[in-house]
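Heads up, the thing below is written out as structure tokens.
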Amino acid sequence: MNNYNQIRVRFAPSPTGYLHVGGLRTALYNYLFARKNNGVFVLRIEDTDRARYVEGAVENLIDTLHWCGFDYDEGPQKNGSFGPYTQSERLEIYKSYTQTLIEQKKAYYCFCTQERISELRTAQENLKQQTKYDKLCLHLDHNVIAQKLKDGVPHVVRLNIEADKKVVVEDIIRGRVEFDSNLIDDQVLLKGDGYPTYHLANVIDDHLMKISHVIRGEEWLPSTPKHVLLYDAFGWEKPVFAHLPLLLNPDKSKLSKRQGDVAVEDYRAKGYLPESLVNFVALLGWNPGTEQEIFSLDELINIFSIEGVNKSGAVFNIEKLNAFNFEHLRKKNDTEVVRILKEYLAKSKFADHKFDDDKLFLIVEAMRPRISFVKEIIENSSYFFESPESYDQEVIQKRWKDDTSENLKSLAEEFSKLLNPKKEDYETALHKTAELLNIGNGKLIHGVRLALSGVGGGPGLYEILFILGKEESIRRIEKAIEKIRI
RNA sequence: GCCCCCAUCGUCUAGAGGCCUAGGACACGAGCUUUUCAAGCUUGUAACACCGGUUCGAAUCCGGUUGGGGGCACCA
């Protein structure tokens, strides 16, 4: 269908502040498609709306993409033969192409004021008619046009859409979609401020940048006939279109800010691993046809195919994302987790403390099966880093009996006799004490756990004892005997 | 209102006419394990929106209905 000899795709966000997870998925599929097919992945900045421009948004976008692990081949801050890759730097290009369209009568100047346009629209709405421009300025005499231009009358340029034409969009995900040209508005191509609209800029750029496949969200499907008409007006070959299903809120509406986090940056800040987010989002609307669900980015590249993309929208379900994070976290080796833990520690209230690596490795090993996020090691088991300041009241009620203090005193004594104890040594000592006191092990275990950690759950008791060390453990037992009153 | 898209467990999905008494994952329930909490293992509940048609045979093909969503800017 097309003569492109190389796969070239693009991700074309507008710099409005942050990367939306829907945008992440679009970027991902483009990226995977490019890498899988030895193609080129272009990043293009669509900043033709000056009102919405946000300072620093481009830098943030690039940083976030980088965090996700996507590297682009051409784009801002990168060389490429088709630049510049920022639309605000391509204004002259859009103008000159529009000029040729005007000369061929495929586009025309429109001097109508915003007021007239909105009056026209409300009138049409009241008559329950299709709202569209009435082509008034199409019929202006060329002398009148010349005069108005000379006088500097504000104007836009519109595409002259022919009536009674069937416009066909071929989409590899949705098949053939037909539109009636009578229902398509004479789209503004160049705005009053001289900037192009999305429709014009994206068509010109995709053509000039030799984009072979346009892979974008389904919200673009209704405006694709305009783009098709533009390609035809220019006499250009069309790229292959692929409109991706939408990402949805739990109530099935288009994923939006109002119903939770939508920025990739939000998930990054919450401690999700980039590989989890990417893996999760990849499976929203696509699947490899096997039962495997956990993939690295490289594995995704290997197995991705655009044919595996389905048509219906997918709810963004945080619970499953959390499960993915758990899975990816457990695939990481201890060294990596310790590295991440250190980053969190440096930002925590323990920033000034020095913890040696041996200890951190033991903590990570103990906490691993109990967490989905690395930062939970600090949140859920702060007792590894500081002595507990309080004790869970419920656990006291359940586990701290009249004789607990006395029993723990004996146990602490037994512990103090140990020399460089290992996990097993603590266990042996505890068993011995229980036997001596003629009580079950459980009577001791729960009390010690509470004394050491302040809470009722966590890693194996002997593991905690070993990680804390003999001196610290005894100190905490004594402190608890002192502080816990029933 | 008009145009377009979509439709399998609560959610993500497998399924391209017989392999489907519909498979997997998350979540949820139960059991085992563990003198904690998790994890792990085993196991259970749970879906083809509806109505017609085509066919020997339909979750799969066709039509309609219903439902959901998206779009109708000098925003992208």
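The sequence lines fix the lettering, A, B, ..., with proteins before strands; numbering per chain opens at 1.
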Problem set entry | Complementary nucleotide for B/rA39 - Watson-Crick or wobble, under 3.5 Å | none
Exercise. Which part of the nucleic acid does A/F316 contact within heavy-atom distance under 4.0 Å: base, sugar-phosphate only, or nothing?
Worked result: nothing
For this session: Would you classify A/V315 as touching base, sugar-phosphate or nothing, given that sugar-phosphate means primed atoms plus P, OP1 and OP2, and contacts are heavy atoms under 4.0 Å?
Result: sugar-phosphate
Exercise. Base, sugar-phosphate alone, or nothing: which one does A/N380 contact when heavy atoms must sit under 4.0 Å apart?
Worked result: nothing
Exercise. With both distances under 3.5 Å as the test, what is the Watson-Crick or G-U wobble partner of B/rC2?
Worked result: B/rG71
Exercise. Can you tell me how far C1' in B/rC12 sits from the matching atom in B/rU54, rounded to whole Å?
Worked result: 33 Å
Seminar exercise, completed: Per-nt protein contacts along nucleotides 58-72 of chain B (heavy atom under 4.0 Å; B base, S backbone sugar-phosphate only, - none) come out as ----------SSBS-
For this session: For nucleotides B/rA58 and B/rG63, find the distance between their C1' atoms and express it as a whole number of Å.
Result: 15 Å
Exercise. With rounding to whole Å, what would you report as the distance between B/rA47 and B/rU21 at their P atoms?
Worked result: 15 Å
For this session: Spell out yes or no: do the side chain of A/K320 and the base of B/rA25 have one donor N/O and one acceptor N/O closer than 3.5 Å?
Result: yes
Exercise. Can a side chain N or O of A/K191 be found less than 4.0 Å away from OP1 or OP2 on B/rC75?
Worked result: yes
Problem set entry | Nearest-angstrom distance, C1' atom, B/rG17 to B/rU60 | 7 Å
Exercise. Hey, what do you get for NZ (A/K332) to CG (A/L273), rounding to the nearest 0.5 Å?
Worked result: 5.5 Å
Exercise. Does B/rA76 have OP1 or OP2 sitting under 4.0 Å from an N or O in the side chain of A/T48?
Worked result: yes
Problem set entry | Identified pairing partner of B/rU33, criterion: Watson-Crick or G-U wobble below 3.5 Å | none
For this session: Both distances under 3.5 Å, Watson-Crick or G-U wobble: report the partner of B/rA7, or none.
Result: B/rU66
For this session: Assign A/P15 to base, sugar-phosphate, or nothing according to its heavy-atom contacts below 4.0 angstrom with the strands shown.
Result: nothing
Exercise. When you measure from the side chain of A/S312, which nucleotide among B/rC4, B/rC75, B/rA7 comes out closest?
Worked result: B/rA7
Exercise. Starting at CZ of A/R176 and ending at P of B/rC5, how long is that distance when rounded to a whole Å?
Worked result: 12 Å
For this session: Rounded to whole angstrom, note down the P distance from B/rC26 over to B/rC20.
Result: 22 Å
Exercise. In whole angstrom, what separates A/Y109's OH from B/rC74's P?
Worked result: 18 Å
Exercise. With respect to A/I377, which candidate in A/L341, A/L360, A/V338, A/I340 satisfies the side chain to side chain contact (heavy atoms under 4.5 Å, CB included) definition?
Worked result: A/L341
Exercise. Which nucleotide in the set B/rC3, B/rA76, B/rG24 lies at the smallest distance from any side-chain heavy atom of A/E293?
Worked result: B/rG24
Problem set entry | Watson-Crick or G-U counterpart of B/rG57, or none if no pair lies under 3.5 Å | none
For this session: Evaluate the side-chain proximity of A/S276 to A/Y267: yes if any heavy-atom separation is below 4.5 Å, no if none is.
Result: no
For this session: Indicate the ring-plane relationship of A/F373 and A/Y272, choosing parallel, tilted or perpendicular according to the 30° and 60° boundaries.
Result: perpendicular
Exercise. Once each nucleotide of nucleotides 16-22 of chain B is scored for protein heavy atoms under 4.0 Å, what B/S/- sequence comes out, 5' to 3'?
Worked result: -------
Problem set entry | Selected nucleotide, minimal atom distance to A/A323 side chain, candidates B/rC26, B/rA7, B/rC75 | B/rC26
Exercise. Distance between the C1' atoms of B/rC50 and B/rG44, in whole angstroms?
Worked result: 30 Å
For this session: Counting Watson-Crick and G-U wobble pairs only, both distances under 3.5 Å, name the nucleotide matched with B/rG44, or none.
Result: B/rC28
Exercise. How far does CG of A/D261 sit from CD1 of A/I318, to the nearest 0.5 angstrom?
Worked result: 6.5 Å
Exercise. Can you tell me how far P in B/rU45 sits from the matching atom in B/rG23, rounded to whole Å?
Worked result: 11 Å
Exercise. Just checking A/E125: base, sugar-phosphate only, or nothing, at a heavy-atom cut-off of under 4.0 Å?
Worked result: nothing
Problem set entry | Nearest listed nucleotide, side chain of A/T197, among B/rC75, B/rC12, B/rA14 | B/rC75
Exercise. Mind checking whether A/Y231 and A/F241 have parallel, tilted or perpendicular rings, split at 30° and 60°?
Worked result: perpendicular
Exercise. How are the rings of A/H431 and A/Y462 set to each other: parallel, tilted or perpendicular (split at 30° and 60°)?
Worked result: tilted
Exercise. In Watson-Crick or G-U wobble terms, both distances under 3.5 Å, what is the partner of B/rA22?
Worked result: none
For this session: Produce a footprint string for nucleotides 34-45 of chain B: one letter per nucleotide, 5' end first; B if the base is under 4.0 Å from any protein heavy atom, S if only the sugar-phosphate is, - if neither.
Result: -BBBBS------
Problem set entry | Whole-Å P distance, B/rC5 and B/rA46 | 36 Å
For this session: Could you work out which one of B/rU11, B/rA76, B/rC5 sits closest to the side chain of A/N317?
Result: B/rU11
